[in-house]
2 protein chains.
Amino acid sequence: MARIKAVGTGSKKDTITKKAAALFRKKGFASTSMRELADNIGVEAASLYNHIGSKNELLQTICFTIANAFTIQLEKVAGTTASNISKLESLIRFHIQMMLRSYDEVFVANHEWKQLQEPFLTNFLSQRKNYENALVGIVQDGIKKNELKKLDPYVVVLTLLSAVRGLEFWQRHKKNLDATKLENDMVNHLIKGLIK
Amino acid sequence: MARIKAVGTGSKKDTITKKAAALFRKKGFASTSMRELADNIGVEAASLYNHIGSKNELLQTICFTIANAFTIQLEKVAGTTASNISKLESLIRFHIQMMLRSYDEVFVANHEWKQLQEPFLTNFLSQRKNYENALVGIVQDGIKKNELKKLDPYVVVLTLLSAVRGLEFWQRHKKNLDATKLENDMVNHLIKGLIK
DNA sequence: GTACAAAACTAACACTTATTAGTTTTTTTG
DNA sequence: CAAAAAAACTAATAAGTGTTAGTTTTGTAC
């Protein structure tokens with residue numbers, strides 16, 4: 001009946017993927033059925049398969065789109081001559097912005113990657129590990145150059161990454177806070193406290 | 001065949017719940033079947049129902065055991081005359097210890113509460129909201145009394161809660177870090193940076 | 001308007017799910 | 001050892017899963 005709308009420049013596959021991200025976030029990947037996704041789009045479940053390969057492919061697309069965005073930004077920032085502290089600040093701000101701009105997708109990449117099948121699961125984990133290691137490298141260098149407090153670099157990275165992840169909760173308080181103040185307060189808490 | 005072992009003082013229901021928490025953490029609630037849980041215990045799926053009411057009851061037990069532990073600790077700490085900053089530090093340390101002592105259960109409570117059915121879902125969320133609000137109150141009072149930097153109290157609480165949550169990642173680096181150093185470094189990062 | 005392609009539909013498949021009923025085995029109690 | 005209780009088993013149910021095949025409808029181009 002109702003055709004799947006391809007909004008703007010995006011394909012119909014993009015429309016489906018977007019809606020899938022929203023549902024996967026709200027209910028979890030395993031608890032979202034293809035019939036439910038189809039219902040939400042206004043179409044029969046079987047019709048989705050004219051546009052996508054499988055349910056798992058949807059998850060893969062979401063997870064790797066996000067992972068690649070972070071990887072690319074990391075490479076961009078790491079290649080500059082900025083101080084380690086400002087590299088960290090810049091990456092934290094990117095995390096915050098991604099969270100605000102692509103909430104559903106980032107959430108799904110953070111929470112539902114476990115449901116990826118091989119070899120995607122292994123790929124995803126190794127990409128994430130590389131990202132973490134690069135951050136640890138920045139912190140280590142910052143400590144060596146006396147920019148940062150002498151804390152365990154792993155703990156610092158873990159604390160930073162987890163804190164920005166917490167922006168998930170922010171959606172609940174959205175009304176009471178503007179994004180810029182949020183970003184600045186969080187960076188302030190995490191970075192200024194970090195500077196020696 | 002093989003009977004379900006009731007270890008120590010715990011009932012057989014406890015044994016099942018513990019194993020369920022481990023599986024729900026590893027694979028997610030929806031992706032863990034009762035057959036899989038039973039297999040892991042060494043028994044047929046139907047046999048589990050001699051000890052438990054339902055799959056959902058397992059999740060409820062896990063989520064509310066953890067939620068209650070945090071609520072009780074909050075009441076204990078809130079009732080003292082300690083400074084706000086040391087109340088916060090004490091609660092952060094409790095979070096860290098819970099994470100290290102009851103990893104699977106805390107993880108499941110943090111990630112799988114969405115799969116709770118009504119009215120448990122609503123109860124769980126309101127209990128969590130109360131907890132957050134109490135923390136916000138402590139931070140607000142701390143700011144008023146000039147103990148803490150003037151940051152948005154919601155953002156501070158969100159940052160703190162998310163950071164301790166990140167201890168999930170710690171399991172991966174367990175070998176390289178001892179628990180005490182971890183706890184102190186994290187508190188140092190989060191609190192010392194917070195003190196005016 | 002007719003041909004072609006895109007994308008919807010219906011119907012079905014093979015499988016898995018949580019859970020129940022009924023029965024048999026094992027353990028505990030007297 | 002016999003009786004009672006606990007806890008395992010087998011078998012089945014009804015519902016839901018992702019996905020495919022085959023068909024019909026819809027939109028587009030000449």
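What you see below is based on every heavy atom in this structure, not just the backbone, and it leaves out hydrogens, waters and symmetry mates. In the text below, chain A, chain B and the rest are named by the order of the sequence lines, each starting its count at 1.
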When the distance from [atom1] of [X] to [atom2] of [N] is rounded to whole Å, what number comes out?
X: B:Gln115; N: C:dA18; atom1: CD; atom2: P; result: 12 Å
X: A:Leu48; N: D:dT19; atom1: CG; atom2: P; result: 10 Å
X: B:Gln117; N: C:dA18; atom1: CD; atom2: P; result: 13 Å
X: B:Met34; N: D:dA8; atom1: CE; atom2: P; result: 13 Å
X: A:Ile16; N: D:dG18; atom1: CD1; atom2: C1'; result: 15 Å
X: A:Asp39; N: D:dG16; atom1: CG; atom2: P; result: 13 Å
X: B:Ile41; N: D:dA7; atom1: CD1; atom2: P; result: 13 Å
X: A:Phe29; N: D:dG18; atom1: CZ; atom2: P; result: 8 Å

### Query
More than 12 heavy atoms of other residues, nucleotides or ligands under 6.0 Å from NZ of B:Lys19: is that the case?
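No.
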#### Entry: A:Gly53 or A:Glu36, whichever maps to the more 5' nucleotide of DNA chain D
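Closest to the 5' end, via its nearest nucleotide, is A:Glu36.
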#### Entry: Residue met sooner reading DNA chain D from 5', once A:Ala46 and B:Glu44 are mapped to nucleotides
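Comparing both residues, the 5'-ward one is B:Glu44.
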### Task
Tell me yes or no: between the side chains of A:Gln115 and B:Ser31, is some donor less than 3.5 Å from an acceptor?
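The answer is yes; a qualifying pair exists.
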### Query
Would A:Lys18 and A:Glu105 pass as an ion pair if we require N to O under 4.0 Å?
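The answer is yes: the pair qualifies as a salt bridge.
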### Task
Report the residue (B:Lys55 or B:Asn50) whose heavy-atom-nearest nucleotide on DNA chain C is the more 5′ of the two.
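Checking each residue's closest nucleotide, the 5'-ward one belongs to B:Lys55.
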### Shortest non-hydrogen separation from B:Lys114 to A:Phe107 and the atoms involved
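Residues B:Lys114 and A:Phe107, closest heavy atoms: NZ-CZ, 3.3 Å.
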Can you check whether [X] has a side-chain N or O nearer than 4.0 Å to OP1 or OP2 of [N]?
X: A:Lys12; N: C:dA7; value: yes
X: B:His51; N: D:dA8; value: yes
X: B:Ser47; N: D:dA7; value: no

#### Entry: Aromatic ring proximity, centroids under 6.0 angstrom, A:His95 and A:Phe70
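Centroid separation for A:Phe70 and A:His95: below 6.0 Å.
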### Query
Quick one: does A:Arg35 reach the base of D:dG18 with a side-chain donor-acceptor pair under 3.5 Å?
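Such a pair is found, so the answer is yes.
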### Query
How would you label the contact of B:Ser31 with the nucleic acid (heavy atoms, under 4.0 Å): base, sugar-phosphate, or nothing?
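Counting heavy atoms under 4.0 Å across all strands, no contact is made by B:Ser31.
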